[in-house]
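Remarks on the structure that follows.
Note on naming: letters A, B, ... go to the chains in the order of the sequence lines (proteins, then strands), and numbering restarts at 1 for each one.
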2 protein chains.
Amino acid sequence: MAQRGAYAKGIAKREEILTTALEVIVREGFSGASVRQLADAVGLSQAGLLHYFSSKDELFTEVLRKRDEVDAVGMDAAGPDPASLFDGFLALIRHNADVPGLVQLYVHLSAAATDPAHDGHEYFRERVAQIRSRFAPAIAELQARGDLPSSLEPEQLSRILIALADGLQEQWLMDPSIDMAGDIAALLQALGLRSPATAR
Amino acid sequence: MAQRGAYAKGIAKREEILTTALEVIVREGFSGASVRQLADAVGLSQAGLLHYFSSKDELFTEVLRKRDEVDAVGMDAAGPDPASLFDGFLALIRHNADVPGLVQLYVHLSAAATDPAHDGHEYFRERVAQIRSRFAPAIAELQARGDLPSSLEPEQLSRILIALADGLQEQWLMDPSIDMAGDIAALLQALGLRSPATAR
DNA sequence: GTCTATACCTAGATAGAC
DNA sequence: GTCTATCTAGGTATAGAC
């Protein structure tokens, strides 16, 4: 099955490219990283690299998707308590402070992807929707338990937390001395949440 | 004084360019607005326009500064009550929903300006610092009055509100059905604030 | 199916004429 | 102060070798 073999090889190469790109961005940051630059790192020509991706924007979107996969490993270890979802959320944000290059990529791309014509538009829409659909039930449960104010819609608080995380990443890039996870934890605490993550 | 005259004319032209650019962006949106495009609208060549600005990024940064000037007119009408500061803040955000082009410009530029080499870097740093220095005292006063929880540092809550507004603008561009000001007002209310702005 | 080489296009920057 | 012309960088498209 020559076809099957070649196909599998293509998939593998794609994965290899994404993994390498992720490493390069973590190591050297994303300051206007060009396709040629990444192509060099992978040992391909620029056109060779774009054989696997339809555009620069798609390539970088896939890099983020790859990052999500890697991060999900640590995130999915959420316990039965709804509050533990926030623990994972905060752990992720704490982790972000160790990979400024990826934060740059994320901030840059999420801004560009607001354009419906951008190759990453759907990815970001789905990402927000997915996080919201995870958060909302946990929030509702915590509200029922009296650990979060019921005046906020669960979907609304989800949106707020996502927006807050995004905005703080931007501010953190401008001034790395701020504590992104600390700020979010403090807000959750001020809203009445009690959990390991907000405990100081 | 020919020099003086020429100087004044240059200033005036600069203002004219910024005003026109603002109008164009409001009217046609900022979807990869190019320098040439704006130059056409002003009746100049691309090089002619860049005679007044050192780069594209500086030009667009100045457009935002111009927007701030215009907006400040409505914002500075804050009353003596510290809570009225939030009224102005929310009014501004409500107004943003009427000018998607400017929100696009803001989101795009604030992401790009996280790079210290970006011409708008200092502008955004100062902008955040300025808003923070306005918010913090008002927050402290509201905390003393028991209208906001004291567990949050005033500077911290300032950062949170700025980040939230920025993040919501991004989400709103992705999905204009969300109510940016409504979400922020709901959060302030959940934190205990009572004011005209949060009243429904 | 994988990849190189090359040519192309857009767009910002810059030099120099007027 | 403003233009034309040119330079450069970078993303994209295509032809064709393997």
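Whole-Å rounding puts the B/Gln37 CD to C/dA11 P distance at 8 Å. Protein atom CZ of A/Phe53 is 16 Å distant from nucleotide atom C1' of D/dG11, rounded to whole Å. Counting to the nearest Å, the P atom of D/dG1 and the CD atom of B/Glu15 are 15 Å from each other. For the pair A/Arg14 CZ and C/dG1 P, the interatomic distance rounds to 14 Å; values are reported in whole Å. The separation between A/Lys56 atom NZ and C/dA11 atom P is 14 Å, rounded to whole Å. In this entry the distance linking CG of A/Asp119 with C1' of D/dG11 reads 12 Å, nearest Å. Rounded to whole angstrom, the span from the CG atom of B/Leu59 across to the P atom of C/dA11 amounts to 15 Å. Between the CG atom of B/Leu50 and the C1' atom of D/dC7 there is a distance of 15 Å, given to the nearest Å.
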Return the polar atom pairs (N/O with N/O) between nucleotides 4-8 of chain C and the protein under 3.5 Å, or none.
from: C/dT4; atom 1: OP2; to: A/Ser45; atom 2: N; distance (Å): 2.9
from: C/dT4; atom 1: OP2; to: A/Ser45; atom 2: OG; distance (Å): 2.9

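Atoms CD and CD1, from B/Gln169 and B/Ile93 in turn, are 7.0 Å apart once rounded to the nearest 0.5 Å. Separating the OG1 atom in A/Thr114 from the CD atom in B/Gln171 is a distance of 12.0 Å, to the nearest 0.5 Å.
For the pair B/Arg159 and A/Asp179, the salt-bridge criterion is not met [side-chain N within less than 4.0 Å of a carboxylate O].
Residues satisfying the side chain to side chain donor-acceptor pair (under 3.5 Å) test with B/Glu28, not counting sequence neighbours, are none. In this structure, the side chain to side chain donor-acceptor pair (under 3.5 Å) partners of B/Glu62, at least two apart in sequence or on a different chain, are B/Arg65.
In this structure, A/Tyr106 has its ring center no closer than 6.0 Å to that of A/Phe60.
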